[in-house]
Protein chains: 2
Amino acid sequence: MSSCQTCVVRNRAICSALSDAELDALNRMGRRIAIGRGETLIWEGDESALVANVIEGVLKLSTSTADGREQIVGVVYPSDFIGRPFGDTTQHSVTALSDAQLCLFTRPSFDSFAREYPQLQHKLLERTLTELDRARGWMLLLGRKSASERVATFLLDMARRLAETSCSGADLHERFDLPLTRQQMADLLGLTIETVSRQLTRLRQAGIIDLPDRRAVVILDRAAMEAEAGNG
Amino acid sequence: MSSCQTCVVRNRAICSALSDAELDALNRMGRRIAIGRGETLIWEGDESALVANVIEGVLKLSTSTADGREQIVGVVYPSDFIGRPFGDTTQHSVTALSDAQLCLFTRPSFDSFAREYPQLQHKLLERTLTELDRARGWMLLLGRKSASERVATFLLDMARRLAETSCSGADLHERFDLPLTRQQMADLLGLTIETVSRQLTRLRQAGIIDLPDRRAVVILDRAAMEAEAGNG
DNA sequence: CGAAAGGTTGAGTGCTGTCAACGTCCGTGG
DNA sequence: CCACGGACGTTGACAGCACTCAACCTTTCG
């Protein structure tokens, strides 16, 4: 069994609220699993049975209309928490965008453990409040921004979040690899794949970004990107 | 000083986690205030200084782009909690849509009180998780639904939430008064005022709803509304 | 090599936004 | 009481941005 002591997200995930001894107790309830790119761990509308910490990889949270239109409602990175504690249904699916490692718990056991450790609930509350702020910020993008603003905002957001997750500190990461396909970007931005592609091409032709390959992005002119994003 | 014992939201707000004695302690830190329709209590981007429970009235949470496009990111009702505890800035404005009564706390005092009462934090966590689910559900509407689906979804959602808030129990409330103007509906749905107006007119002409006056809505054909909303 | 998945580009359409005029409601003050 | 003004709402004409449909290109992998 892997030890929480050596876990790479030990000090960033909600586990950071716990002492080593408390963590041992939590560890006994959970297990570490690997899931492959494209695998879905939790399905929209299902009874909430699982929660987890992300150790490695990137996952999407998504919902769909009855006729199959999809919206990605969140993207989670290492140290993020997934699943719906303290509730009986999960409102969105959770699917791996890359191969991923999770620290998995059954919801009932997590719920009862959390009730006994207020510091753990406090960490979870802080995280949930931050996620709520993020979701509401995204509502502004979906409701009010143009396609070009959406794509630019997305690229800046992705650059920032990948920089936070990686260990290279304050590096602004002007180059990074997208963890999403064009279709997934479209599903996140409330656009079609063609519109995303056209906006990326436009930014490239304007000399604002470079696209060395289908996954890589280089931000050449950050000021112009900020302007495209409509901040300022 | 008004007593929490007789507060109309005593058993529905996060206060329900507290005993009468604990509530007295909380009560000593807070104060009850009235704010008028249109008044803004908290401004987007400001330092988070206040939190509150809604006792009476309806308020909106909103954000704007630099050039003034607005998106309403939440609508809160009696017993809901507003403000951003455990964080230094508020990401959205809070404005009264009707005259309202609030139970107000300064954030530092609320934060430190909450840290001492895990049951209170637990209630707040449950509420925040529910709000996050709701916000993510709204992202599907903003990103993927047509104008007619948005308006129909909104009307059904409003009917349901007003029924929950009012005391008439399981009554489906086929008639209700909108707490929002057409402009506010547009800002919530990511549409323009003209599109909202046209969709309402269309629903009325189709015999699905009636609009007795500018604030009232009567749902005449709930099945047709569900179909319009794209849930089926 | 061939097939499938992912991505780009082009042509045309349509939904929703923009601009504008007009209608309705309501409070205020003469 | 009535006239007036302003906020709110509706309707129409038109335009444009993003979607749809389609062809084609690139990369990957068996």
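Chain letters run A, B, ... following the sequence lines, proteins first and then strands; every chain starts at 1.
Distance alone, capped at 3.5 Å, is enough to place a donor-acceptor pair between the A:Arg150 side chain and the A:Lys145 backbone. Formation of a donor-acceptor pair under 3.5 Å by the B:Arg107 side chain with backbone atoms of B:Gly87 is found in this model. Under a 3.5 Å cut-off, the side chain of B:Gln101 and the backbone N or O of B:Val54 do not form any donor-acceptor pair.
Side-chain to base pairing of B:Arg198 with C:dT18: one donor and one acceptor N or O lie within less than 3.5 Å of each other. For B:Gln184 and D:dC8, a side-chain-to-base donor-acceptor distance below 3.5 Å is absent, hydrogens and geometry of angles not being considered. For D:dC17, the base has no donor-acceptor partner in the side chain of A:Gln199 [N/O atoms by modelled type, under 3.5 angstrom].
Across the protein-nucleic acid pair, B:Arg144 atom CZ and D:dA18 atom C1' stand 12 Å apart, rounded to whole Å. The nearest whole Å value for the distance from the CG atom in A:Leu211 to the C1' atom in D:dT26 is 14 Å. Nucleotide C:dC26 holds its P atom 8 Å from the CG atom of B:Asp213, rounded to whole Å. A straight line from CG of B:Leu200 to P of D:dT10 spans 7 Å, rounded to a whole angstrom. Between the CZ atom of B:Arg215 and the P atom of D:dC8 there is a distance of 9 Å, rounded to whole Å. Spacing between atom CG of A:Leu203 and atom C1' of C:dT8 amounts to 15 Å, rounded to whole angstrom units. What separates CG of B:Leu191 from C1' of D:dG9 is a distance of 16 Å, to the nearest Å. If you take CD of A:Glu194 and C1' of C:dG12, they are 13 Å apart, rounded to a whole angstrom.
Along DNA chain D, the nucleotide closest to B:Gln205 and the one closest to A:Ser148 are compared, and the more 5′ of them pairs with B:Gln205.
OP1 or OP2 of D:dT11 has at least one side-chain nitrogen or oxygen of B:Thr201 nearer than 4.0 Å. The side chain of B:Arg214 places no N or O atom within less than 4.0 Å of a non-bridging phosphate oxygen (OP1 or OP2) of C:dT24. Residue A:Thr195 places at least one side-chain N or O closer than 4.0 Å to OP1 or OP2 of D:dC19.
Closest to the side chain of B:Thr181, out of D:dG9, D:dA18, C:dT9, is D:dG9. The side chain of A:Thr192 lies closest to D:dT20, out of C:dG7, D:dT20, C:dT18.
Among the atoms of the strands shown, none is found under 4.0 Å from any heavy atom of A:Gly38.
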Practice task
Show the numbers, then the answer: is there a salt bridge (Lys or Arg N to Asp or Glu O under 4.0 Å) between A:Asp157 and A:Arg160?
Solution key: CA-CA 5 Å; A:Asp157 186 67; A:Arg160 190 175 46 71; 2.6 Å; yes

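Between A:Arg136 and B:Glu131 there is a salt bridge, with a side-chain nitrogen of the basic residue lying less than 4.0 Å from a carboxylate oxygen of the acidic one.
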